[in-house]
Peer 1: 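Below are the structure tokens for one structure; questions will follow.
So that the names make sense, note that chain A is the first sequence line, chain B the second, and so on, each numbered from 1.
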Protein chains: 2
Amino acid sequence: MPITIADVAAAAKVSKTTVSRVLNGKGELDRSTADRVRAVIEELGYVPSARAVNLARGRTRVVGMLVPSLTWPWMGEVLQGAADVLEAENYGMLLFTCNRGEESMRQFAAQVAAKSFDGLLVIEPEGTLDYIATLHSRGLPMVLIDDRDQQSGQIPSIGTTNHLGAAAAARHLLEIGRRQPLVVTGPARFGCTQQRTAGFASVYAEAGLPIDDERIMLGDFKVGCGADSVRQAIDSGLAFDAVFCHNDLSAFGAVQAIQDSGRRVPEDVAVVGFDDIPMAAHSQPPLTTVHQPMREMGEAAARTLLAHFEGAALPNRPTIIPATFTVRASTVS
Amino acid sequence: MPITIADVAAAAKVSKTTVSRVLNGKGELDRSTADRVRAVIEELGYVPSARAVNLARGRTRVVGMLVPSLTWPWMGEVLQGAADVLEAENYGMLLFTCNRGEESMRQFAAQVAAKSFDGLLVIEPEGTLDYIATLHSRGLPMVLIDDRDQQSGQIPSIGTTNHLGAAAAARHLLEIGRRQPLVVTGPARFGCTQQRTAGFASVYAEAGLPIDDERIMLGDFKVGCGADSVRQAIDSGLAFDAVFCHNDLSAFGAVQAIQDSGRRVPEDVAVVGFDDIPMAAHSQPPLTTVHQPMREMGEAAARTLLAHFEGAALPNRPTIIPATFTVRASTVS
DNA sequence: ACTCCTCGGGAGAGCGCTTTCTGGGCAGGG
DNA sequence: CCCTGCCCAGAAAGCGCTCTCCCGAGGAGT
């Protein structure tokens, strides 16, 4: 049988109360008593049962993390960022994915209701914003890691600069003399798609080179759409000397289709991605891309939530961590 | 205030015992009583507190997952595999990484001692095997996801076929007429490195083409080592028509260095990787590689652990899920 | 000498469940 | 008619902590 606080109390000839006080550093304790208790704890190798502490305190020192998928290229970075902060503060991370759709969300909801965790970090699975908002309004502390630049209303969130990031990409392409860019977007319903499209287009427009609608191809963030868009442009005889993709995966697809067509990257066509997933630096050629600070966003989200547990108010304006621009060989040789 | 079992009991005019029985389907209950209680539960939206249930039952319905890092390319797959199984069985996953070295492990140890979870899935962080073995011998149910083909003694584990996988790669290269392969290994201390080297070498040896030691270059599983090894071979005038890398990342590096030297992949040099990380299918050229079933390993590990909770014995022989071989354009055009 | 504090520490009531033990009806058997 | 058993269901004792009271002793103040 595992030893309990009562065993320690008995061995140290004090009450459970005193042991608890030593454990939590509360109340006035005689130096020698405290030392004696500590010695016994050490000797017995006593560790308070998390289960009992959770019940008694009404908190779990665990935060939930809800993500749509664990296999997205940048997900590991976000998780690592959040995990680092949580672990450093001695919090646990309970992971939930939504791989099984409705059923997943139902089970997640049950965990929420059962108060399995004190707060939530969430990368919103598509279509669950209403539900998430409901949880928030019911008082579940949460921070949204907003990868899609959605309007999340009053939910505290961490975002990045999609508009500025895309603008930086446009400026870079203009600087290297590319005047006929193609744009491969993400899904139209995402805020980030709109922001990136707008940011990119505005710079070209300001330069007196507005981008035709036919140069903006609707994508889906997958590899295939990048390749398809490029092929389609070629087939329709559209001339282009650059491709700006709304994420790195589609940029990889674009590079592939460009090279398949006998064109060179970057000499004939420069390619810029978005995200800066770990592979971007190692693709062939290495990909120039807008770096989204996923890890920092994970860290910031975790820190914000923990600060709230300490009494800080949750910010009602999104926290924005700027995206940066990374130049690699897919645009300059 | 959240509603408790007592509220339900009062509203249904029964005892807490009866409510508990309805909740857990234990004991003989009168149909009408049970229905009445269920109706009240529904009406009040009552969900038992996980914290209280955990304490009372002495179990948490949570399994810990310890991993060295969340940013490794194949980690997402393992996690997703494990998460899918756990969630389907209504278990939670508490995630631990070891990003902060000693300190991380200390905190992890505290969680173990505090019995924060019922069992553990672990991808062994290097150098912690002894500690993990200690936990196992102390009775913590666990399953090791053995990515390095280590000898884990009596710890139940899930592994794959490193020797056979590498042999398949060798056979493929022989079939396409490559007689002068280079091998870029993983760290020498890993079991998988030894297995992969042996499996690959044995096939070439059987074919009457034993591989010189100078053709086997020590790598470290990073992109750089693949490039370095290739450059080194070129500099030293070593002729080669194929490169077998012990993981995909180093294969990417190798491809890069080969192309930089003006050689073509696969025409001049065929490249084979190991792992089949998600990017392998999308690299330029797509990478022929040994597919490690990481997701299936994650699933199997979770299933094995859960089966043990249901009373099944943990297997004392490693469960092996075979690696498969995937041919792509880096070896055949 | 008496009251008032302060300080150290104990008793015990929760926290919200599960589970064992107990017991009241009621039908069937002797 | 009484005893056995079987169904149901309640009382209450945990599970292992935290935390609010409360108390006794010793020192300061008057």
Peer 1: Just how far, in rounded Å, is C1' of C:dG16 from CZ of A:R57?
Peer 2: 17 Å
Peer 1: May I have the distance from B:L55 (atom CG) to D:dG16 (atom P), rounded to whole angstrom?
Peer 2: 7 Å
Peer 1: Is the phosphate of D:dT18, meaning OP1 or OP2, less than 4.0 Å from a side-chain N or O of A:S20?
Peer 2: yes
Peer 1: Please state how far atom NZ in A:K16 lies from atom P in D:dG16, giving the value in whole angstrom units.
Peer 2: 10 Å
Peer 1: Does the distance from a Lys or Arg side-chain N to an Asp or Glu carboxylate O, for B:E28 and B:R21, drop under 4.0 Å?
Peer 2: no
Peer 1: Just N and O in the side chain of A:N54: are any of them under 4.0 Å from OP1 or OP2 of C:dC15?
Peer 2: no
Peer 1: A:K26 NZ to D:dC17 P: how many Å, rounded?
Peer 2: 15 Å
Peer 1: Distance check: side-chain N/O of A:S49 vs OP1/OP2 of D:dG16, anything under 4.0 Å?
Peer 2: no
Peer 1: Distance criterion of 3.5 Å, no angle test: do you see the side chain of A:R21 paired donor-to-acceptor with the base of C:dG10?
Peer 2: yes
Peer 1: Side chain of B:E28 only, please: which of C:dA11, C:dC15, D:dC8 is the nearest?
Peer 2: D:dC8
Peer 1: Classify the side-chain pair A:Q107/A:Q111 by whether it contains a donor and acceptor separated by less than 3.5 Å.
Peer 2: no
Peer 1: Among side-chain atoms of B:N54 and B:T60, is any donor-acceptor pair under 3.5 angstrom?
Peer 2: no
Peer 1: Can the ring centroids of A:Y91 and A:F117 be said to lie less than 6.0 angstrom from one another?
Peer 2: no
Peer 1: Give the nucleotide from the list D:dG14, D:dC17, C:dT19 with an atom nearest to the side chain of B:T17.
Peer 2: C:dT19
Peer 1: Of A:A34 and B:A6, whose closest DNA chain C nucleotide lies nearer the 5' terminus?
Peer 2: A:A34
Peer 1: Could you give the CG-to-C1' distance, from A:N24 to C:dG9, as a whole number of Å?
Peer 2: 15 Å
Peer 1: Minimum heavy-atom separation for A:L70 to B:Q80, with atom names?
Peer 2: N-OE1, 2.8 Å
Peer 1: Does the pair B:V22 and B:R38 meet the rule for a side chain to side chain contact (heavy atoms under 4.5 Å, CB included), with working shown?
Peer 2: CA-CA 7 Å; B:V22 171; B:R38 259 188 287 270; 3.9 Å; yes
Peer 1: How many whole angstroms separate atom CG of A:D35 from atom P of C:dG8?
Peer 2: 13 Å
Peer 1: So does B:E126 pair up with B:R148, basic N to acidic O under 4.0 Å?
Peer 2: no
Peer 1: Where the side chain of A:L29 is defined as all heavy atoms beyond and including C-beta, which of C:dC17, D:dG16, C:dG9 is the nearest nucleotide?
Peer 2: C:dG9
Peer 1: Round to the nearest Å and state the distance from A:D30 atom CG to D:dG24 atom C1'.
Peer 2: 15 Å
Peer 1: Would you say B:T33 places a side-chain N or O within less than 4.0 Å of OP1 or OP2 belonging to D:dA9?
Peer 2: yes
Peer 1: Based on the rotation axes of five pairs at each end, what angle does the helix from C:dA1-D:dT30 to C:dG30-D:dC1 bend through, to 10°?
Peer 2: 60°
Peer 1: Without decimals, in angstroms, what is the distance between A:R51 CZ and D:dC17 P?
Peer 2: 10 Å
Peer 1: Between B:D30 and B:S32, do the side chains contain an N or O donor and an N or O acceptor separated by less than 3.5 Å?
Peer 2: yes
Peer 1: OP1, OP2 of C:dC15 versus side-chain N and O of B:T4: anything below 4.0 Å?
Peer 2: no
